[in-house]
Amino acid sequence: MFKKFTATDKLLLLSAILSLVFSETLWFKGEKEAAIFIGLWVPSILGFGIYLKLINSKLND
C-alpha cells in the first residue's frame, strides 16, 4: 500500500500523525485548548494533501 505513496504523501501523512499525537499529549497534560487547536491541524493537513493530489492528477491528464 505504501509503495504507491510519493515522498510528499509520506511527509503529509507523517505530519498529520505527529500532529495528532502531539494534540493527544497536550490533552492528557491538561492543556485542553492547545490540544484542540493542534488537533484541528490534522484534517487541514490531510485536506491539503488531497488538494495536491487532485491538482497533480489534473495536470497529468
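Not measured: the values here are computed from a predicted model. Any value given below was found using the heavy atoms of this structure, including those in side chains, with hydrogens, waters and symmetry copies removed.
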For residues 12-21, please give each side-chain donor-acceptor pair under 3.5 Å, one per line with the distance, not counting sequence neighbours.
| unit_1 | atom_1 | unit_2 | atom_2 | d |
| --- | --- | --- | --- | --- |
| Ser15 | OG | Leu11 | O | 3.3 |
| Ser15 | OG | Leu12 | O | 2.8 |
| Ser19 | OG | Ile38 | O | 3.1 |

Checklist entry - Which residues pass the side chain to side chain donor-acceptor pair (under 3.5 Å) test with Lys53, sequence neighbours left out? => result Asp9
Next on the checklist: Tell me every residue that passes side-chain contact (heavy atoms from CB on, under 4.5 Å) with Leu54, counting only those two or more places apart in sequence or in another chain.
Outcome noted: Ile50
For residues 27-36, dump all side-chain donor-acceptor pairs below 3.5 Å to protein atoms at least two apart in sequence or in another chain.
none

Checklist outcome for this item: residues 41-61 vs ring-ring contact (aromatic ring centres under 6.0 Å, His included), sequence neighbours excluded, gives Phe37-Trp41
